[in-house]
Number of protein chains: 2
Amino acid sequence: MTPHPPTVFIVDDDLSVLKGLTRLLRSAKLNPVTFASPQEFLDRHDPTQPGCLVLDVAMPGLDGLQLQQALITRGCEIPIIFLTGHGDIPMSVRAMKRGAIDFLTKPVRDEDLLKAIRAALVADQSRRQAQAELAGIRHRLATLTTREREVLEHVLAGQLNKQIAEDLGIVEKTIKVHRGRMMEKMGVTSVAELVHLCELAGVKAISIR
Amino acid sequence: MTPHPPTVFIVDDDLSVLKGLTRLLRSAKLNPVTFASPQEFLDRHDPTQPGCLVLDVAMPGLDGLQLQQALITRGCEIPIIFLTGHGDIPMSVRAMKRGAIDFLTKPVRDEDLLKAIRAALVADQSRRQAQAELAGIRHRLATLTTREREVLEHVLAGQLNKQIAEDLGIVEKTIKVHRGRMMEKMGVTSVAELVHLCELAGVKAISIR
DNA sequence: CGCAAGGTTGGACTAAAGTCCAATTTTCGG
DNA sequence: CCGAAAATTGGACTTTAGTCCAACCTTGCG
């Protein structure tokens with residue numbers, strides 16, 4: 001049923017904390033995987049694996065915030081819950097500004113942590129869904145030839161075939177051919193659908209002078 | 001030039017703080033307006049006035065977080081910078097989750113506060129711009145008759161006039177009339193533009209069975 | 001060199017959309 | 001009940017878009 005049961009990645013340099021959290025999560029039917037250092041997580045994490053990350057802030061080597069930054073840099077948007085014993089407000093604010101989903105302080109009530117984790121898993125789920133759709137659209141976009149892509153951008157701008165032809169310096173007939181092939185490749189049958197997909201993918205129309 | 005110079009609203013129950021901040025902001029060519037209590041701000045604030053809000057957390061009566069919540073409830077999205085002497089992490093996290101743009105602790109370095117304020121004013125500016133565009137679109141949408149609105153939603157779904165006609169149980173000719181008037185009222189000349197506007201305004205297509 | 005892919009164009013239509021002018025029919029509030 | 005707004009339909013076209021089949025360049029690569 002679930003080829004990839006959502007995982008709760010836990011990074012903490014305190015082994016007793018890892019053990020305690022593992023026990024707690026297991027008893028809550030969650031699937032914890034532990035790492036003793038941020039570097040280890042960074043090296044071994046597979047971004048395709050659904051889940052969330054529970055992260056201590058204060059750790060030797062890379063600290064939690066640096067790990068967050070490293071993940072952002074490499075385009076990994078796994079939801080992060082910070083968990084710290086010696087944090088301060090500026091630290092929590094920085095983490096939240098960079099997109100952390102929560103920032104909890106130790107000692108944490110089990111229910112609070114579990115609630116945050118469940119919320120993070122839900123967020124990850126919908127993020128992944130959107131991601132997958134986006135990947136599909138991008139893939140289709142990548143199959144377009146240069147000309148087809150140009151025509152697409154003019155269509156998004158709402159131009160008539162006639163106008164596009166003039167802009168590109170070719171006859172209208174050719175536009176129709178490119179346009180037809182483009183629609184076919186994008187898997188849509190109407191301009192409305194096409195625009196919808198392109199808005200999702202962030203494809204912008206050419207600006208009409 | 002600027003009929004509404006952006007204002008920095010400051011709410012704090014400590015008059016000496018208000019005075020100090022006012023002096024600081026004035027010297028930075030900003031335009032501060034002070035309030036001694038959250039209630040006073042809530043009663044007197046005009047949401048059309050551009051600016052941002054600097055807010056102490058701990059105050060008698062409504063506290064800062066409650067004021068934030070009250071503003072959210074009444075749909076006012078002015079950027080809020082919290083400024084507090086006795087805050088804690090959960091408080092800052094709650095504030096950030098609800099959309100605060102920053103959460104600073106006293107004593108605050110002047111530059112830090114000014115930097116946060118400038119960022120908030122910029123955010124307010126672009127928020128207002130988007131807001132204004134949205135209001136225009138909503139206004140045009142409101143001028144549509146029931147039928148025109150129905151036709152719009154079918155057009156967004158990419159349906160042909162023929163199909164729309166069948167769905168609505170009327171002849172295609174009539175669809176053309178409604179469609180033409182709808183496009184006219186929305187101020188667009190192509191389906192691409194129409195879809196673009198509607199995505200901005202959150203107008204969804206009818207779901208095709 | 002020769003082939004494949006991309007780009008271009010023609011011809012000949014079919015279908016879909018939009019337009020102008022007119023004319024009923026409903027609907028709804030005052 | 002009456003009038004205005006909304007909804008509906010016809011007729012007669014003009015424009016646009018899309019389709020099928022075919023053909024002709026150009027370019028890059030094995």
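Here the structure is a predicted model, which is why all the values come from computation and not from measurement. Just so it is clear: chains get the letters A, B, ... in the order the sequence lines come, proteins before strands, and each one is counted from 1.
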Self-check item: Most 5' of A:V177 and A:K185 on DNA chain C, judged by nearest nucleotide
Solution: A:K185

Rounded to the Å, how far apart are [X] [atom1] and [N] [atom2]?
X: B:E172; N: C:dT19; atom1: CD; atom2: P; result: 14 Å
X: A:K176; N: C:dT9; atom1: NZ; atom2: P; result: 14 Å
X: A:R149; N: C:dG6; atom1: CZ; atom2: P; result: 16 Å
X: A:L160; N: C:dA16; atom1: CG; atom2: P; result: 19 Å
X: B:L168; N: D:dA6; atom1: CG; atom2: C1'; result: 15 Å
X: B:I164; N: D:dT8; atom1: CD1; atom2: C1'; result: 16 Å
X: B:Q163; N: C:dA17; atom1: CD; atom2: C1'; result: 14 Å
X: B:R147; N: D:dA7; atom1: CZ; atom2: C1'; result: 8 Å

Quiz prompt | Nearest-nucleotide 5' precedence on DNA chain D, B:I170 against A:G180 | solution = B:I170

Quiz prompt | 5' precedence on DNA chain D between A:K173 and B:V171 (nearest-nucleotide basis) | solution = B:V171

Quiz item: Is it true that a side-chain atom of A:T7 and a backbone atom of A:F9 form a donor plus acceptor pair closer than 3.5 Å?
Solution: no

Quiz prompt | B:Q66 atom CD, over 12 foreign heavy atoms within 6.0 Å | solution = yes

Quiz prompt | B:Q69, CD atom: more than 12 neighbouring heavy atoms under 6.0 Å | solution = yes

Give a yes/no on whether any side-chain N or O of [X] is located under 4.0 angstrom from OP1 or OP2 of [N].
X: A:T145; N: C:dG7; value: yes
X: B:N161; N: C:dA17; value: yes
X: A:T174; N: C:dT9; value: yes
X: B:K162; N: C:dA15; value: no

Exercise. For side chain to side chain donor-acceptor pair (under 3.5 Å), just list the numbers for A:Q39 and A:D43, CA-CA rounded to whole Å, side-chain angles, deciding distance to a tenth of an Å, and then say yes or no.
Key: CA-CA 6 Å; A:Q39 193 58 54; A:D43 293 340; 3.1 Å; yes

Self-check item: Nucleotide nearest B:R181 when distance is taken to its side chain, options D:dA7, C:dG7, C:dA16
Solution: D:dA7

Practice problem: Could you check which of D:dA17, D:dT8, C:dT8 has an atom nearest any side-chain atom of A:R179? | Solution: D:dA17

Quiz item: Under 3.5 Å, is there a donor-acceptor pair between the A:E193 and A:T189 side chains?
Solution: yes

Self-check item: Partner of B:I164 under side chain to side chain contact (heavy atoms under 4.5 Å, CB included), chosen from B:H154, B:H178, B:E172
Solution: B:H154

Exercise. Report the C-alpha distance between B:D124 and B:R127 in whole Å, list the side-chain angles of each, state the deciding distance to 0.1 Å, and finish with yes or no for salt bridge (Lys or Arg N to Asp or Glu O under 4.0 Å).
Key: CA-CA 5 Å; B:D124 184 61; B:R127 184 182 66 84; 2.7 Å; yes

Quiz item: Using the C1' atoms of five pairs at each end, what's the angle between the two axes of the helix from C:dC1-D:dG30 to C:dG30-D:dC1, to 10 degrees?
Solution: 50°

